[in-house]
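To keep things clear, I will list the structure first and then write my remarks on it.
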Amino acid sequence: MDKSKRKAIIAGNWKMNKTPAEAKELLTAITPLVKDADCEVIACVPFVDLQTALEVAEGTNIKIGAENCHWEESGAFTGEISAKMLTSMGVEYVVLGHSERRQYFGETDETVNKRTKAALAAGLKPIVCVGELLWERECDITEEVIARQIKLDLFDVSKEDVKKTVIAYEPVWAIGTGKTATADQAEEVCAFIRATIAKLYDQKTADAVTIQYGGSMNDANADELLSKTNVDGGLIGGASLVAEKFAAIVKAASK
Ligand code: PEP
């Protein structure tokens, strides 16, 4: 399928950064820089920043996402936020299964799958993160790891729903390390993810899914990464906290 028919998405993942006042300042700086973007632009922000971010983004082309959600609608889950709570505010996207959640907070493919289904059921579009560890790449099992994550994370997700799901390929060794996968490495795994989705669903469905690359993407390397056939966008950590750098990546995706 012609790549230009897929939705290109550049999403910032702010992680645990920015107070509401700082969020307002950053989004206000980003807004004019990305107003002519020819791709979808998303800011995924900490829960406490959502209300401010939604207010600042209202009437602009920036969509707002959260960084996680729970699989239950409500109940005794202290510290958690449900998908319905997010949609009720006007949040459209949610990052799920980020490697930092897998690494530091015991997130598993089973819980990523539950969160993904809950997000979709509530009308949120999930950005599901997958990626191999460095030693898994060194042991030459990247494809096994990725196939397993895709199969488990998307278990029982319908064909219609998978088209609303964004997959972010984020090699764990490239996140926040300054080490970027080469454009060929990113393309190889993003193509493999699409082939895996085609096997699970069908080619037409796989061709419709937006697959991002994430891992130290910045204003200097975005052009090359985003030029690849199966790299439809980026999930951006560090560089999304600097308005000019984030805007430069959006510009690269708009070409
Ligand atoms: C991320 O947080 O998803 C990410 C890719 O971070 P960074 O761009 O900082 O590597």
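Remember, it's 1-based here, ligands and their atoms both numbered in the order they're listed. This is a predicted model, so every value here is computed, not measured. In this chain, residues are counted from 1 in sequence order.
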Pair Arg115 + Glu80, salt bridge at N-O below 4.0 Å: yes
Polar atom proximity, Glu100 to ligand 1 (N or O, under 3.5 Å): no
Salt bridge flag under 4.0 Å for residues Asp219 and Lys251: no
Greater than 12 external heavy atoms within 6.0 Å of Lys84's NZ: no
Protein residue, atom and distance nearest to atom 3 (O) of ligand 1, heavy-atom basis: Glu170 OE2, 2.7 Å
Atoms of ligand 1 close to Gly176 [distance to a heavy atom under 4.0 angstrom, numbered from 1]: 7 (P), 9 (O), 10 (O)
Close-contact set for ligand 1 against Leu235 heavy atoms, below 4.0 Å: 3 (O), 5 (C)
Proximal ligand 1 atoms for Ser216, defined as those under 4.0 Å from one of its heavy atoms: 7 (P), 8 (O), 10 (O)
Ionic contact status for Lys159 with Asp202, cut-off 4.0 Å: yes
Ligand 1 contacted by Gly215 (non-hydrogen, < 4.0 Å): yes
Test item, Ala174 contacting ligand 1 (heavy atom, 4.0 angstrom): yes
Polar atom proximity, Thr177 to ligand 1 (N or O, under 3.5 Å): no
Asp109 with Arg102: basic N within carboxylate O range, under 4.0 Å: yes
Heavy-atom nearest neighbour in the protein, as seen from atom 4 (C) of ligand 1, with distance rounded to 0.1 Å: Gly237 N, 3.6 Å
